[in-house]
Q: 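I am attaching a structure below and will ask some questions about it afterwards.
Numbering of ligands and ligand atoms starts at 1, following listing order. When reading the values below, keep in mind they use all heavy atoms of this one structure, side chains included, and skip hydrogens, waters and symmetry mates.
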Amino acid sequence: MKPSLTTTILPADGTAAEAAADCLAGGGLIAFPTETVYGLGADATNARAVARLYEAKGRPSFNPLIAHVCDLKAAQDIARFDQRSLRLAETFWPGPLTLVLPKAPDCPVSDLATAGLDSIAVRVPAHPVAHDILRAFGRPVVAPSANISGHVSPTTAAHVFSDLAGRIDLIIDGGPVSVGVESTIVGGFEIPLLLRPGGLPREDIERVLGEPLGRITAETHATETSPLAPGMLASHYAPRTTVRLNAKHLDADEALLAFGPEEIPGGAAAMNLSPAGDLVEAAANLFSYLRALDTKGARTIAVMPVPDEGLGEAINDRLRRAAVPT
Ligand code: AMP
Ligand code: MG
């Protein structure tokens, strides 16, 4: 992506949270301080805003993002808690603990933000500026670190500016944040598992649970019996229907995932990622269209070529994974 936006920097004072919330509501991208590092935030319920976020970071793949909310009640609108996860949330939130839980029914978070999974990663951050923004906005915000993919995580507004100027709308400058340790991620509550070590020590979590946290082993990877199985960290949403890439023609019993103005005619069903050939629009639609075509009873989902530039790289990465036989 060519830097083309004007990036405004605002000090984190009285009106900053409102300005940030307005920007998010308009589909904008904002960087803001959390207690771990500066996050790059987008409205988690707006697939187009989430697609712009991946584009701004230059990520070559879509990994699932953490939805940030202002309190436990807001978290319960998007995720289903059991007793153990509830105890952890009540003890450690706000703070550097992310819980991976089943999505709540009617969860409004976009399929792109969760990379098509039925689970969702959720956290209530402790930084007062993050908290004020989340409260003012009133919807979940996805917020990976505010740096170009592959660069180090930013701990000051100046770091963010040097990476993302011209690619995002707004930076809220709350001063330097504490050393950039990411949040600890816990999931798989049938067997609670440490999915990523981070700012909250494992021992503290185990003390509250009264049992040890499992580790991800080859064995736990293999048993994907529940949507909370840890295999979901390595594996990804894949349609049950076979996926065929670079389709140039279409058989009668195939469904078409099209891209661009020149759709292949025929087939059992068709959806177009972006008739205009816009890669941001295509990324925003990718997971929900794969899911929708998966329910059509077609033999194969035939996918038209998507250019391998900008967000197309991440789209193609995901399509290639979907096409690997399981
Ligand atoms: P971050 O880079 O700090 O934004 O953290 C994002 C990480 O959270 C991803 O790379 C995953 O490892 C993890 N994550 C997010 N959502 C899920 C999920 N539904 N299932 C498993 N892990 C997740
Ligand atoms: Mg990072």
Q: Is D118 salt-bridged to R291, going by a charged N under 4.0 Å from an acidic O?
A: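 Yes, charged N to carboxylate O under 4.0 Å.
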
Q: Per the side-chain contact (heavy atoms from CB on, under 4.5 Å) rule, which among T155, V160, T156, V129 passes with P33?
A: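 In the set T155, V160, T156, V129, the residue that makes a side-chain contact (heavy atoms from CB on, under 4.5 Å) with P33 is V129.
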
Q: Does T114 have a non-hydrogen atom less than 4.0 Å from ligand 1?
A: no

Q: What do you reckon, does S145 have a nitrogen or oxygen under 3.5 Å from a nitrogen or oxygen of ligand 1?
A: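 Looking only at distances, the answer is no, because the N/O contact criterion of under 3.5 Å is not met.
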
Q: Quick one about S85 and R80 (side-chain donor to acceptor, distance below 3.5 Å, no hydrogens or angles considered), yes or no?
A: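 Result is no, nothing qualifies.
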
Q: Quick one: pull up CG in D22 and CG in L170 and give me the separation to the nearest 0.5 Å.
A: 10.0 Å

Q: Does ligand 1 have a heavy atom under 4.0 Å from the side chain of T98, from its backbone, from both, or from neither?
A: neither

Q: Should one rank A121, P144, P64 by closest heavy-atom distance to atom 6 (C) of ligand 1, which comes out on top?
A: P64

Q: Could you check which of H68, R59, R196 puts a non-hydrogen atom nearest to atom 5 (O) of ligand 1?
A: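 Comparing heavy atoms across H68, R59, R196, the nearest one to atom 5 (O) of ligand 1 lies in R196.
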
Q: Could you tell me which atoms of ligand 1, counted from 1 in the order shown, lie closer than 4.0 angstrom to a heavy atom of S119?
A: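 This gives 18 (C), 19 (N), 20 (N) as the contact atoms.
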
Q: Using a strict 4.0 Å cut-off to heavy atoms of N63, name the atoms of ligand 1 that fall inside it.
A: 10 (O)

Q: Answer yes if the side chains of T241 and D294 hold a donor-acceptor pair under 3.5 Å, and no otherwise.
A: yes

Q: Which is closest to atom 8 (O) of ligand 1 by heavy-atom distance: L193, L99, I185, L40?
A: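 Of the listed residues, I185 has the closest heavy atom.
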
Q: Between the side chains of T114 and K103, does any donor sit under 3.5 Å from an acceptor?
A: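 Per modelled atom types, T114 and K103 side chains form a pair under 3.5 Å.
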
